[in-house]
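Reading through the structure tokens given below for one structure.
The sequence lines fix the lettering, A, B, ..., with proteins before strands; numbering per chain opens at 1. Remember, predicted model here, so these are calculated numbers, not experimental data.
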Amino acid sequence: MTLVFACEVVLAGLLVAIATWTIVARTAFAAIVLFMVYGLLLAIVWVALSAVDVALTEAAIGGGVTSMLLMGAATRLRAPTTPVADVGLPLRIAAGLLCALVTTVLGAVVFFLPDVAPTLAPVAKDNLAASGLGNPVAAVLFVFRALDTLLEKVVLLLALVGVWSLASDEAWGGVPGLPVYARPGRILVFLAQILPPIGIIVGIYMFWAGASQPGGAFQGGTILAAVWLLTMMARLQDVPAINARWLRLLLVVGPTAFLAIGLAGFFIADSFLAYPPGIAKPLIIVVEATLTLSIGVTLALLVAGPPERLSQR
Amino acid sequence: MMPDTTSFIDATTTDGYLLVLVIVLPVLGILLSLALGGKFIERITLALLLVGLCVAIAIFAAVLRSDQLVVYVVGNWQPPLGIALRADGISAAMVLTIAMIVLAIGLYARSEFGQQKGAAVTRSSYAFWTLLLGIWSGLNAVALGDDLFNLYVALELLTFAAVPLVCVKGYEATIKAAMRYMLFALIGSVLYLLGTALIYGTYGTLDITLLADRVRPEPAAWTAAALMTVGLLAKTALFPLHLWLPPAHAGAPAPGSAVLSALVVKGSFILIVRIWFDAMPGLLTFTAAQLLATLGAGAVLFGSVLALRQARLKLLVAYSTVAQIGYLFFIFPLAAGASGNELGASIAWTGGWLQLFSHAFAKTAMFMAAGLIAEALGHDRIAELGGIGRALPITVIAFGLAGLSLMGVPPSGGFVAKWMLLSATVIEGQWWWAAVMLVGGLLAGGYVFMVLGKALGENATLTLRAPIARHREVLVLAVALCAVFLGLVPLQPSGFLAIGRPEMQITALQ
Amino acid sequence: MSSAALFGYCGAVLVGLGLYGLITRAEVLRKILSFNVLGSGVFLLFGVFARRGAAAGLGADPVPQALVITGIVVAFSATALAVALLVRLNKETGQIIVTSDDSEESSEQGATR
């Protein structure tokens, strides 16, 4: 057992322990904090699995904005008047047996996996030069399986519309009810002044570098969303009304550019979502740049929630 | 890539771009309306629906004319690295049905969610039309996708558009129903994704056509198929995972209920069929098929009996959906051809899909009719429907015609579908499903006539809360007539529905 | 045991844990948390298959990695929608759990304008 493997065993054990604790923690607040830790640990596991792009995404989205979202919800939920009754013991035993069965079956599948694994890595590597990118994961996302990414952007937008539709009729078009500090502390204000410039640079760099190294539009966009949320929560910026023209244009510029270039592929390349050889990389950079902006705005608005009031407080 | 004889995907066919168009048109609508702040969204949606109907007809014609698959390889990257879209006879018919029904629902919804000229955009109208576009795009992507992960994203698109539609009016009980729907849908998606992971890990591809050659009956494939099926059953609301459906479909506004019952639950059903018949054809054993059909039988009986006990019209129609979905699962033991009986298999295949299409039209008409009745009376209590037959005769006739399809009475698509399924049970000697279908038909007759009886009753003192425009009643009748016209299909295994499936040998019924 | 297999077992356990939490916890927020744990277990399995597919000079098969990135984003959207529903539900009813059958109420509210 090498040192690296020993570390991985410890990592896996920690991961399972924290996950268990998250599930059984008594208060929602504790569970969410533990979930944040879980997300960051998971990012390290992804690095151990040589999937750095995924590690960045997991740290940013899984450990970052998801925890912000859940924490915001936990603060907004009113405690129920009657205490919540736990699920009865028979159902818990039955569920426990079912889940143990599922885990065992999955573990058995992993155990009996053949030594030689089927893989698309050689095919991806062969076509990497033709795709115009240097990062194979980005090539899969934006070139080989671009339809998935396009539909995923639509899913994001539709989830946002769904969230917005939960507003009340009077508040429609107004300001989302992101929980902000009434009197933000000095440390928070300080951080909200220092971190955003760094965050913006890191986010833009991450999108730019993503063409040839781990990174990309999703990771960069999430960082932009996070620092924007930080400035809003520290009341250095107002939460915008969802009717704002600039907001809506930023939301659609990414998917529109992606779709437009994809449709142009019918004429200038020979297929939908194909790029003409030679200008593939510049086109993809344009798509990724606009997507970074749109993803940043979309994720931040998903955390902010449905509009709650018509004017700034 | 050399095409081999067992592989369907060679290259993009000439009309393949239509497949992309029908998925992308609604996306254009969503982006445009978001950019414009919601102005004109109703008109944009209806215009796109009209264009989409033309594209769907073109796809149908292309498949019919060429008698082959219409294929589009996106970006010219061949699977397994890339993604392909594929329209066989079933998908083409599905896309056409989707286009027709969503257009009808769009026209029907103009009175409730329409935008007045010059008035401000309201929350519910903006949400409704955007979500309708999302559902339309998701449905088309599910019908045409040939890659398991692409189908996952399409299914999520469908779900995220469908859940907020349940509570788009904002009432408290509908929010509870939407929450429960969301939780079931979350479990469903993640189990489906888990199965997809196992399949990739074992076979190295997610393309359904390639998988058909690679999948072997081994534990990993079994586990994946089981997990994906359970997840998709939760989304299709098959008994016993149907608990979320009645409050959600009954609580949604009438156009929403129509699209949810007629089309959205069928999306996950299509995936179950694609997995067992297309991706992993060798895996459907006798036991697995009987198990699925037993759950279907449970749905038919349970749903029909519960429908009889309902006091509210929309709940009755929702429980009827639970029951009619059960019929769809008789495809598994009957059309698998496991017994080696190809005639029975092709008959059952045609019958099962006809059931899906005719139920889609019939249920749309039923929910639309129920919606008009509820608008007119201000309530939907069945016991107090007296006199509505006189006030809204066209609507009640439409409800009755749709009911014919549910009961399986000629002339209707439902009759042809159930007749073919019954013939298949006789040919294959699985008579126990015939018994379930007959009982189900009787129970359906029970609840349909219960409603019609009350509606045709006398009530001299009936005053309508709101007048109902005649053209809306005619629209409902038109949709119900579509279900009836499907009954003009000959009682033969359909050659069209077998396009792209060489294993379905078509022999004529003597 | 290779490191990929180790994390494979880890993923299997996480799936079981997440599924258990999703079924047994009554509060919706805890269900959503468990859903996220379950989802991450599934993604970890994808990652294991990616690592096992290392070839042609790449440390891991890029296709499952891309699928996981897409999946993480989709799971986040699902969480956001579910959380928004929960907050609205809580505002209307004061509940943090989804209780028994309210079909009648739901249908009544769905029938009236």
Legend entry - Gap between atom CG of L151(A) and atom CG of L155(B) - 0.5 Å precision: 12.0 Å
Legend entry - chain A interface, residue from T205(B), L227(B), T130(B), L131(B) that has the most non-hydrogen pairs under 4.5 Å: T130(B)
Inset, instruction - For F266(A), look at atom CZ and say whether over 12 heavy atoms of other residues, nucleotides or ligands are found less than 6.0 Å away. - result: yes
Inset, instruction - Working to the nearest 0.5 Å, report the span between SG of C167(B) and CG of L166(A). - result: 5.0 Å
Legend entry - Contacting region of L21(B) [heavy-atom separation from chain A under 4.5 Å]: neither
Inset, instruction - Name the member of F272(A), F112(A), Y275(A) that forms the most heavy-atom pairs with chain B at distances under 4.5 Å. - result: F272(A)
Legend entry - Side-chain donor/acceptor of R145(A) to backbone N/O of G82(B), under 3.5 Å: no
Inset, instruction - Drop me the distance from W164(A)'s CH2 to L34(B)'s CG, to the nearest 0.5 angstrom. - result: 5.5 Å
Inset, instruction - Could you give me the CA-CA distance, side-chain angles and deciding distance for W172(A) and T122(B), then say whether side chain to side chain contact (heavy atoms under 4.5 Å, CB included) is met? - result: CA-CA 7 Å; W172(A) 177 248; T122(B) 62; 5.8 Å; no
Inset, instruction - For Y72(B) and S271(A), test the side chains for any donor-to-acceptor distance below 3.5 angstrom and give the result as yes or no. - result: yes
Legend entry - Max heavy-atom pair count under 4.5 Å with chain B, selected residue of L157(A), V163(A), N127(A): N127(A)
Inset, instruction - Among the options T119(A), L263(A), V143(A), L156(A), pick out the one with the most heavy-atom pairs lying under 4.5 Å from chain B. - result: V143(A)
Legend entry - Winner by heavy-atom pair count (cut-off under 4.5 Å) against chain A, out of L36(B), V27(B), L157(B): L157(B)
